[in-house]
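All values derive from a computational prediction rather than experimental measurement. Quick note on labels: first sequence line is chain A, next is B, and so on, each numbered from 1.
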Amino acid sequence: MKEFAITPQKQSNFSQWYLEIIKEADLAEHSPVRGCMIIKPHGYGIWEKIQEILDKKLKETDHENVYFPLLIPLKFIEKESNHIKGFAKECAVVTHHKLKNIDGKLVPDSPLEEPFIIRPTSETIIGNFYSSCVKSYRDLPIKINQWSNVMRWELRPRLFLRTSEFLWQEGHTIHETQFEAKAHTQTMLDLYSNFIENYLAIPVFKGLKTPDERFPGALETYCLEAQMQDGKALQAATSHFLGQNFSKAFNISFLNRNGQKEFAWTTSWGISTRLIGAIIMSHSDNNGLILPPLIAPKQVVLIPILKQKNLNDKIISLCKKIKTILLEHSISSFIDQKDENGGEKVWKNIKKGIPVRIEIGPIELQKHNVSVSCRTWDPLKKIELPIVRLPDNILLLLKNIQKDLFQNALSRTIKQTISIYSLNDFHNFFSNNAGFAISFWHPNANNHPLFAKYKVSIRCILLSSQHEGICPFSKQKTYNKILIAKAY
RNA sequence: CGGAAUAUAGCUCAGUUUGGUAGAGCGCUUGGUUCGGGAUCAAGAGGUCGCAGGUUCAAAUCCUGUUAUUCCGACCA
């Protein structure tokens, strides 16, 4: 037996380990198109769970789903100057509308009078539409959401973390007042952090992006930053307060309660398939993927052990019965009936990160027991559970796995996060450690050369800071604290 | 988009220096013995060597171009 299922181990080569997890857990593959991935059933199943849970939360908070076109007229992007600056460099452009056959080769034909871009985000096309819908304060607020794909031409793609095409959810809201819009930006940030911590079991820091890292066209960009097992930061969600920038660019105006014309206040916010990368890099080990039960497409795998032909039918029907009983308790499961060697089958399910494994063979049949193992345990450890009250016990195990994964990720994050108060601390920490440093910071502080030296950046200005201190970069008094880290 | 490395069977790789009939292990198929921790024996299938040109009697091997992947940088969610 191999010592570990995954080679290389995460301690020796984290990025290769990450790619190996994706391969061994059968989540996704490269496609013939550079930067675009094929998301396979197990990987897409995780995305569907994310969609299912988040979609419900969005609807509970009075958002409605819509769909806008993939193609956006070029002139829309030109209307907001910061927006152009941010996205012009990474837009795929559609310039022709048919193909011509020349000596067996197809070449683009019939240029479009006005080219389209493939959406990198939809603020512009949505803004354009709502300019004609919004007439009165009575029309507001408008709270919509879109599940879609977007394209941002990437120079260095990585599966799930940075692909040219990715799947996401983009919410857009239009409000009567600045106060309401700002509050909504915060509400969505909170909704995301609850979702990511409680379902994906990933602890996050809430923060505000510095002007350099802001969404192009936003007045404020809020974010959630999570620490991966290698100590690097991954932005897990964003929420933007767009002020009146887009409403002015697209003329979203209304008559207010005093009968005066006013520009609306807008927000946008999103999460993407990148979260799947965050799940992998937060929880997985050298035996493969580990999925938090609340996000696992299948929470339980039932493995029939077919040794004696006369008992096989009984074992299979017991598996089916247990599957039904589990489903009645909202536990998703599947029977792995593939004709494979038992050990190999077990390892495949370990690598895929299925939270709970149940084995049922002649012994279990006789004892009215099942053998149960959790993905977070040693692969060899098994316990016996009676079939009566099985769902309650499984629910408890799933709950414990979910809790343990969050606790592990949290204690690791805490362990790899320190407060620094001087340039010397900065130097000492990053020359020896991977992780997060928290420091006082004054907005007037210049970009200090230490950031470049250690290839770290300001991930965000933390929302939680309350006390006054001295910024080590500018020596000025400040209430701001920043999170400093290497970033994905 | 700059720098470096790689591309040969489903996977991991040898063969390239010195041009001469395409190799191994694992996996796959079939049959046997097995099966409660990545089994084993036997037989078999499977590749115009990333792609396009060029040199040559002859190219996986030499030359030019190109594409993809991995890592580093710049850029970004």
Counting only Watson-Crick pairs (N1-N3 plus N6-O4 or O6-N4) and G-U wobbles (N1-O2, O6-N3), all under 3.5 Å, who is the partner of [N]?
| N | answer |
| --- | --- |
| B:U17 | none |
| B:A42 | B:U30 |
| B:A52 | B:U64 |
| B:A4 | B:U70 |
| B:C11 | B:G25 |

May I ask you to say what [X] touches in the nucleic acid, namely base, sugar-phosphate or nothing, with a heavy-atom cut-off under 4.0 Å?
| X | answer |
| --- | --- |
| A:S272 | base |
| A:T121 | nothing |
| A:E359 | base |
| A:R34 | sugar-phosphate |
| A:P362 | base |
| A:L234 | nothing |
| A:K382 | base |

In whole angstroms, how far is the [atom2] atom of [N] from the [atom1] atom of [X]?
| X | N | atom1 | atom2 | value |
| --- | --- | --- | --- | --- |
| A:Q16 | B:U69 | CD | P | 14 Å |
| A:R357 | B:G38 | CZ | P | 13 Å |
| A:I363 | B:G36 | CD1 | P | 11 Å |
| A:L306 | B:U34 | CG | P | 17 Å |
| A:Y454 | B:C72 | OH | P | 19 Å |
| A:I276 | B:A77 | CD1 | C1' | 14 Å |
| A:E340 | B:G38 | CD | C1' | 10 Å |
| A:M37 | B:A77 | CE | C1' | 12 Å |

- Message: What residues from residues 17-27 of chain A pass a heavy-atom cutoff of under 4.0 Å to RNA chain B?
- Response: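 Correct list: A:L19, A:K23.
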
- Query: Between residues 198-219 of chain A and RNA chain B, which residues have a heavy-atom gap below 4.0 Å?
  - Reply: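 Close to the strand, none.
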
- Message: On the side chain of A:E364, is there an atom forming a donor-acceptor pair with the base of B:G36 - under 3.5 Å, no angle test?
- Response: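 Yes, a donor-acceptor pair under 3.5 Å.
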
- Message: Tell me whether A:E213 is salt-bridged to A:R459, with the criterion being a basic N under 4.0 Å from an acidic carboxylate O.
- Response: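 Yes, this pair counts.
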
- Item | Identified side chain to side chain donor-acceptor pair (under 3.5 Å) counterpart of A:S371 within the set A:K382, A:E364, A:E384, A:E359 |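 The option that passes is A:E364.
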
State whether [X] places a side-chain N or O below 4.0 Å from either non-bridging phosphate oxygen (OP1 or OP2) of [N].
| X | N | answer |
| --- | --- | --- |
| A:S15 | B:U70 | no |
| A:K455 | B:G73 | yes |
| A:N341 | B:A39 | yes |
| A:R156 | B:C76 | no |

Euclidean distance for [atom1], [N] against [M] (whole angstrom):
| N | M | atom1 | answer |
| --- | --- | --- | --- |
| B:G54 | B:G19 | C1' | 15 Å |
| B:U48 | B:A60 | C1' | 11 Å |
| B:G38 | B:C11 | C1' | 15 Å |
| B:G3 | B:U12 | C1' | 28 Å |
| B:G50 | B:A7 | P | 8 Å |
| B:A9 | B:G47 | P | 11 Å |
| B:C62 | B:U18 | P | 9 Å |

- Task: Tell me which nucleotide among B:G38, B:C71, B:U70 gets nearest to the side chain of A:H30.
- Result: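 Between B:G38, B:C71, B:U70, the one nearest the side chain of A:H30 would be B:U70.
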
- Message: Can you tell me which nucleotide in B:A77, B:G36, B:U70 comes closest to the side chain of A:R274?
- Response: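 The nucleotide sitting nearest to the side chain is B:A77.
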
- Run the ring-centre check on A:F241 versus A:H184 and record whether the distance is less than 6.0 Å.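 No, ring centres 6.0 Å or more apart.
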
- Item | A:P32 vs A:I6, nearer the 5' end of RNA chain B by closest nucleotide |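 Its nearest nucleotide being more 5', the pick is A:I6.
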
- Message: Quick check on RNA chain B: between A:G361 and A:L155, whose nearest nucleotide comes earlier from the 5' end?
- Response: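 Nearer the 5' end of the strand: A:L155.
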
- Query: Looking at residues at least two apart in the chain, or sitting in another chain, which of them share a salt bridge (Lys or Arg N to Asp or Glu O under 4.0 Å) with A:K10?
  - Reply: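 Applying salt bridge (Lys or Arg N to Asp or Glu O under 4.0 Å) to A:K10 gives none.
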
